[in-house]
Amino acid sequence: MNFIEELKWRGALNQVTDEAGLLEAMADGKMGAYVGTDPTADSLHLGHLIPFMVLKRFQNAGGKAVIIIGGATGAIGDPRPTTERKLLTQEQLAENEKGITAQVTRLFGDNDTRIVNNNDWLGKLTLTDFLRDYGKLFSINVMLKKDVVASRLETGISFTEFTYQVLQGIDFHELWRREDVKLQIGGSDQWGNITSGIDLIHSLEGNAAKAFGLTIPLMTDSTGKKFGKSEGNAIWLDPEKTSPYTFYQFWLNQNDADVVKYLKYFTFLTIEEIDTLAKEIDINPGAREAQRRLAQEVTKFVHGQAAVDAAEQLSKSLFSGDVATLSSAQIADAFGGVPSFDITAESKNIIDFLVDGGVEQSKRQAREDVNNGAITINGEKITDVATEIAPTTHYDGKFVLVRRGKKKYFLGKVQ
RNA sequence: GGGAGUGUAGCGAAGUCUGGCUAAACGCGACGGACUGUAACUCCGUUCCUUCGGGUUCGUAGGUUCGAAUCCUACCGCUCCCA
């Protein structure tokens, strides 16, 4: 199975500009492919992992992986179909670049990976050079037809965001020139920007220049919802923002209908291995072997094997064990990945305790959950709203372990 | 610049003409519970705050009224059409 066939099998291919040409170029010798990401936040989330998975497969297939951290493009703002973006401050950008660069480095390792910041070349370009060297090669007529731009003509788009596709085109050309990058990979919404870059390369280097684009289908779950959120929150790759335990649980809880799709897409397991897991679902869905394997593989890829072990350990104590008998050392060890809040050693009414700790939004909500038997403190179900919570009764007076609902845990730390 | 709309709880959307029965229908989402496989489906409950007496809400600020999401005035935001 060649690179393209594999992507097709994995459900990772939406469009390619020239399938045969790309395979030929890949066979021809070492070439690079790139994925660009703008530093819009201080961490990547699961949505970002989608193009990176394909880039990683490209790398595994013998190619060179190049990643652009868009310091310059991030300062401009990539147009969304709906409204104008708010500009980020230079401080935010610098902060975000730092976080994202570290994560990408972890995912790709150092071998045969180049991580570059487009501010290195776009930042040096003067306005007149930009207009003479590049602007002349872009037709407004073509630019207006790009999907994102077209959808914004009604509501309005600033000149700044309108220019974004030109910058992305320059990026592609720059990498083509200095890193031997011939392929750009992106989400299906990136098609317009990618083709802009290919056109630019052809204008500057002649039509024989080899440059390709490849897009990935929009990832959705079996109910048609956009993939990658849990309870309305993004799943981040930064362990500080989304604990490895939560990350692991996100994958473990996937629906039977989605799990094979995700195994194909988000793991490096072989066809045979995935087929075997798919059969397992039919034979014994309750065992959830496929989900477990998925959670292990993806967590390992993003956070490492130690994080997988810790997440499984924690899952075990949370879902089967009697947490009341754990020692304070075990609590500190096992619940490090759970949301925590600071408390004082004084005993406190359960309602105030929950609201002050951020477990509940309001006292009304807190009372409702206590009355419904949704709150468990240190392994003991609390149903009386007048209960006093004394941090000194368990775990050497160091912790109070709160469970809300069936699976949500919070840890109060005595200061 | 001229004209026509529109702004309601996390989101969508009724209610406005015909003021009180409206803390505000309904849908989605979210949160709990039952069931289950830490699943899906389904079912039940909750969804502004509260010291459970009440308090504060319908873009903002005033006004009319015993009483305003509903009527009046000004302002602000958004959309469309014309120039």
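Residue numbers begin at 1 in each chain, while the letters A, B, ... track the order of the sequences. Computed from a prediction, not measured in an experiment: that's the story for all the values here.
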(request) Look at all strands and tell whether A/Lys406 reaches a base, only sugar-phosphate, or nothing, counting heavy atoms closer than 4.0 Å. (result) base

(message) Give me each pair satisfying ring pair (Phe, Tyr, Trp, His ring centres under 6.0 Å) with a member in residues 336-357 of chain A, each pair once, sequence neighbours excluded.
(response) A/Phe341-A/Phe353

(message) Measuring only the C1' atom in each nucleotide, how far is B/A68 from B/U22? A whole number of Å is fine.
(response) 12 Å

(request) Identify the nucleotide, in any strand shown, that forms a Watson-Crick or G-U wobble pair with B/G45, with both distances under 3.5 Å; if there is none, say none. (result) B/C31

(message) Measuring only the C1' atom in each nucleotide, how far is B/G5 from B/C11? A whole number of Å is fine.
(response) 22 Å

(request) Have a look at A/Asn372 and say if it touches a base, only the backbone sugar-phosphate, or nothing, with a 4.0 Å heavy-atom cut-off. (result) sugar-phosphate

(message) Using atom P in both nucleotides, what's the gap between B/U38 and B/G33 to the nearest angstrom?
(response) 15 Å

(request) Could you check A/Leu237, A/Thr37, A/Val35 and say which one makes a side chain to side chain contact (heavy atoms under 4.5 Å, CB included) with A/His48? (result) A/Thr37

(request) Classify the nucleic acid contact of A/Asp369 as base, sugar-phosphate or nothing, counting any heavy atom under 4.0 Å across all strands shown. (result) sugar-phosphate

(request) Indicate, with a heavy-atom threshold strictly under 4.0 Å, whether A/Gln361 touches base, sugar-phosphate, or nothing. (result) nothing

(message) Could you check whether A/Phe268 and A/Phe301 have their ring centres less than 6.0 Å apart?
(response) yes

(request) Taking only heavy atoms on the protein side, list every residue of residues 283-299 of chain A lying under 4.0 Å from any atom of RNA chain B, sorted numerically. (result) A/Pro285, A/Gly286, A/Arg288, A/Gln291

(request) Write down the distance separating the P atoms in B/G27 and B/U47, rounded off to the nearest Å. (result) 14 Å

(request) Could you pull out all residues at least two apart from A/Gln90 that satisfy side chain to side chain donor-acceptor pair (under 3.5 Å)? (result) none

